[in-house]
Amino acid sequence: MAFLQLVPLALSASILGLLALLFRRRKPLSFLQGPPVSSWLLGHEYELTNQREVGDLEFKWFQDYGTVFRGAGCCGEETLMVSDVDALHHILNTGGYRYPKTKDDERSSEQITGRGLAWAQGATHKRHRKALNPAFTESQLRTFVPLFQMYADKLALRWRERFADSQIIDVSKWLQNTTLDVLGESTFGFHFEALDDKASDFQISIQKIFANSRQPFKLMTLWRTWKRLLPDPVVDYIASAYVTEEDVRFKSFLELAKGSARDSLARKGLNADGEKRSNNQSNMRGVEGKKDILNMLLRSMEDPKKRLDEDEVLSQVSTMLFAGYELTAMTLTWILYELSRNLNDQRRLRGEIDAILAEKGKNAMLTANDYDSMPFLNACVKEGLRLRPGVQFTTREADLDDVIPLAQPVISTSGEMLKKIPVIKGQRVHISIAAYNRSPSIWGSDSDQWNPSRFLRLESTKQQSSIGVFGNVLSFGSGVRGCIGWRFAVIEMQAILVGLLSQFEFQIPPAGLDIHAVPLKTMNVPMVRGELDKGLQMPLVVKRRSIS
Ligand code: HEM
Ligand SMILES: *[C@@H]1O[C@H](CO)[C@@H](O)[C@H](O)[C@H]1NC(C)=O
Ligand SMILES: *[C@@H]1O[C@H](CO)[C@@H](O)[C@H](O)[C@H]1NC(C)=O
């Protein structure tokens, strides 16, 4: 977007800012400590979205002020910054739908993924979740294991075909192609064939979706706040008058995704409108056979309480692809990175894998039970998620006056010890997944270090999870809006790690590797220092193991 085009937007934003100042003078969190604020207009928002490395600011702030503190939003708004386990549990779990996503997040979800699960709120969300849940049960996901293994083998085969016995490979791009192929097939029976060098428009679109979204400039930071604070018609007007490059990319992604979903339904001889479909019994046969997520969804819609309209059905496909493919690839990338830096752990994990393969026989296929019976594999997956969460934070808003309990009391500005935080309706809450995952009070003094064995210890002492869906880490969120695909992602990661580590060794290149955890929107993306413009990268030495 040309700079000049921004001037009118800047002017209108400033005028609106003044209006907001006149109407909003509440300081509901003034009793809480918090870092100094240098800009009334931008608060900490701009600094937070422009951190050099994930957690640069927050980790220290949580250390200085405790597990909750007062952060500054734009235009004098106050944000409750949270990493306290009881507070998180209250907001995400006990709270149910009382802490919905904020309006700006709802809008951007709709823009990128359409009217699917990530966008829906309240009763609509409940209906979507009910319709989708049958596709994400443990028994259903176990049927995907052979699919995950097939793609892990295909990736290994490509490496053997294309590369020397020992070569530096950017594993992140390959993992992206793998998880995209996996998700296309399991979500809606679509063959991206990314591992076969077939670059679909759709893939090009999804891979470029955040092309220039790193370090948004100041006006964009403000715009996020306006989307929440201004009346909808004003936001609609500004959004239609000032279309950014990002808006264009989001739109084309969504159109391509819905288009592919529509084609896929047509191939199955179905219509996304549940009514017509269920009246036509001969159509049902197409659904019975295949078991991808879209089919499961259509089947569950026979129950009127779970009925979705056509647009909602199509939007689930873009939602799953968007929410599932890159995060899984990134988490796997981080795990391979940590295993390359910690070769003892890599050897130990490979030992566990070799042992189970020896026990099962060379050509036997492992099952989900086998994966679950591998303690060190699961410890590494959990530790990777904990230390390197793909989503670094999420945001909520109280829809009632409430009191939030704390596990760790904090000291107020007047020196009082606070065990509860009163909040007012509309209070914006920043949920720091990355900071919770590194809380010393939960994880001990080595919370900043990679140490998968901590999970073996935790399990043996039965110190059970108090939040999250997996291993007491918050990386999949928690509660009614926790990640619906967490089990999918875990089984997929287990299968790919076992497939790769049984065939290859991974090392940091001899010249060294300076990886940065770069914040990109809410994500935590591994990039190479000095080459941030190249986006996601992880060049590791990949060495073939001799097959005995
Ligand atoms: C390692 C990989 C993954 C990570 C780290 C991850 C993380 C998350 C997180 C943190 C949330 C909650 C966001 C919030 O509370 O605002 C979430 C939601 C979601 N995830 Fe995942 N996810 C992963 C894989 C997947 C996969 C494979 C799928 C689909 C097959 C998926 C589909 C979704 C959907 C649809 C939501 C929205 C749920 C709702 O709002 O009810 N995710 N994910
Ligand atoms: C990923 O897939 C695309 C499309 O098939 C291809 O152009 C690209 O080279 C692939 N990347 C890697 C690293 O295989
Ligand atoms: C049901 O679907 C089949 C195949 O798609 C079609 O040939 C048939 O005409 C449909 N019947 C009704 C009653 O809609």
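Both backbone and side-chain heavy atoms feed into the values below; hydrogens, waters and symmetry mates do not. Counting starts at 1 for both ligands and their atoms, in listed order.
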Which of the atoms of ligand 1 are close to Arg129, meaning less than 4.0 Å from one of its heavy atoms? 38 (C), 39 (C), 41 (O)
Within-shell test, His128 vs ligand 1, heavy atom, strictly < 4.0 Å: no
Can you check whether Arg158's main-chain N or O pairs, donor with acceptor, with Trp174's side chain at less than 3.5 Å? no
If you have a sec, work out which protein heavy atom is nearest atom 33 (C) of ligand 1 and how many Å separate them, to one decimal? Ala323 CB, 3.5 Å
Tell me which protein heavy atom sits closest to atom 3 (C) of ligand 1, plus the residue, atom name and distance to 0.1 Å. Phe476 CE2, 3.5 Å
side-chain hydrogen bond (donor to acceptor under 3.5 Å, both in side chains) between Arg142 and Asn369, worked out: CA-CA 9 Å; Arg142 280 165 179 249; Asn369 281 340; 2.8 Å; yes
If every non-hydrogen atom of Phe253 is compared with every non-hydrogen atom of Ser205, which pair is closest and at what distance? CA-OG, 3.2 Å
Considering the heavy atoms of Ile484, write down every atom of ligand 1 situated less than 4.0 Å from one of them. 34 (C), 35 (C)
Go through ligand 1 atom by atom and flag the ones less than 4.0 Å from a non-hydrogen atom of His125. 39 (C), 40 (O), 41 (O)
Please classify the Phe488 to ligand 1 contact at 4.0 Å (heavy-atom distances, strictly less than): side chain, backbone, both or neither. side chain
I need the contact type for Leu327 against ligand 1. Using non-hydrogen atoms and a strict under-4.0 Å cut-off, is it side chain, backbone, both or neither? both
In terms of atom number and element, which parts of ligand 1 are under 4.0 angstrom from non-hydrogen atoms of Thr394? 14 (C), 15 (O), 16 (O)
Kindly say whether Trp119 contributes a backbone atom to a donor-acceptor pair with the side chain of Ser109 at under 3.5 angstrom? no
Do Arg396 side-chain atoms and Ile431 backbone N/O form a donor-acceptor pair below 3.5 Å? no
Begin from the C-alpha positions of Gln507 and Gln346 and carry the test side-chain hydrogen bond (donor to acceptor under 3.5 Å, both in side chains) through to its verdict. CA-CA 10 Å; Gln507 288 166 11; Gln346 189 178 147; over 6 Å; no
Which residues pass the ring pair (Phe, Tyr, Trp, His ring centres under 6.0 Å) test with Tyr436, sequence neighbours left out? none
Exam field: side chain Arg388 to backbone Thr331, donor-acceptor pair closer than 3.5 Å: no
Any side-chain donor paired with an acceptor under 3.5 Å for Gln203 and Asn177? yes
Would you call Asp170 and Lys534 a salt bridge, using N to O less than 4.0 angstrom? no
Looking only at non-hydrogen atoms, find the nearest pair between Ser260 and Phe190 and report the distance. CB-CE1, 4.3 Å
Below the 3.5 angstrom mark, is there an N/O of Thr331, backbone or side chain, next to an N/O of ligand 1? no
If you have a sec, work out which protein heavy atom is nearest atom 12 (C) of ligand 1 and how many Å separate them, to one decimal? Arg481 O, 3.7 Å
Side chain, backbone, both or neither: which part of Glu326 comes within less than 4.0 Å of ligand 1 when only heavy atoms are counted? neither
CG-OG distance between Asn437 and Ser83, expressed to the nearest 0.5 angstrom: 10.0 Å
Taking atom 8 (C) of ligand 1 as the reference point, the nearest protein heavy atom with its distance: Cys483 CB, 3.7 Å
Enumerated ligand 1 atoms positioned under 4.0 Å from heavy atoms of Gly324: 25 (C), 26 (C), 27 (C), 28 (C)
Identify, for atom 7 (C) of ligand 1, the protein heavy atom at the shortest distance, and state residue, atom and that distance. Ser475 O, 3.4 Å
May I ask you to decide if the ring planes of Phe504 and Trp159 are parallel, tilted or perpendicular, using 30° and 60° as cut-offs? perpendicular
Give the ring-plane orientation class for Phe488 versus Phe148, where under 30° counts as parallel, over 60° as perpendicular and anything between as tilted. perpendicular
Per-atom filter on ligand 1: closer than 4.0 angstrom to a heavy atom of Thr319 are 35 (C)
By number and element, which atoms of ligand 1 are closer than 4.0 Å to a non-hydrogen atom of Gly477? 10 (C)
How far is atom 29 (C) of ligand 1 from its nearest protein heavy atom, and which residue and atom name does that atom have? Met320 SD, 3.8 Å
Are the charged groups of Glu106 and Lys103 less than 4.0 angstrom apart, N to O? no
Kindly confirm or rule out an N or O of Thr328 lying under 3.5 angstrom from an N or O of ligand 1. no
Within the protein, flag every N or O under 3.5 Å from an N or O of ligand 2, and note the pair and distance.
from	atom 1	to	atom 2	distance (Å)
ligand 2	2 (O)	Asn177	OD1	3.3
ligand 2	2 (O)	Asn177	ND2	2.3
ligand 2	2 (O)	Ala194	O	3.2
ligand 2	2 (O)	Gln203	NE2	3.3
ligand 2	5 (O)	Ala194	O	3.1
ligand 2	5 (O)	Lys198	N	3.1
ligand 2	5 (O)	Lys198	O	3.3
ligand 2	11 (N)	Asn177	ND2	3.0
ligand 2	14 (O)	Asn177	ND2	3.3

SB check Arg428 Glu45 (cutoff 4.0 Å): yes
Record the part of Phe136 in heavy-atom contact with ligand 1 below 4.0 Å; permitted values are side chain, backbone, both and neither. side chain
Proximity winner for atom 15 (O) of ligand 1, if only heavy atoms of Lys126, Glu492, Arg396 are counted: Arg396
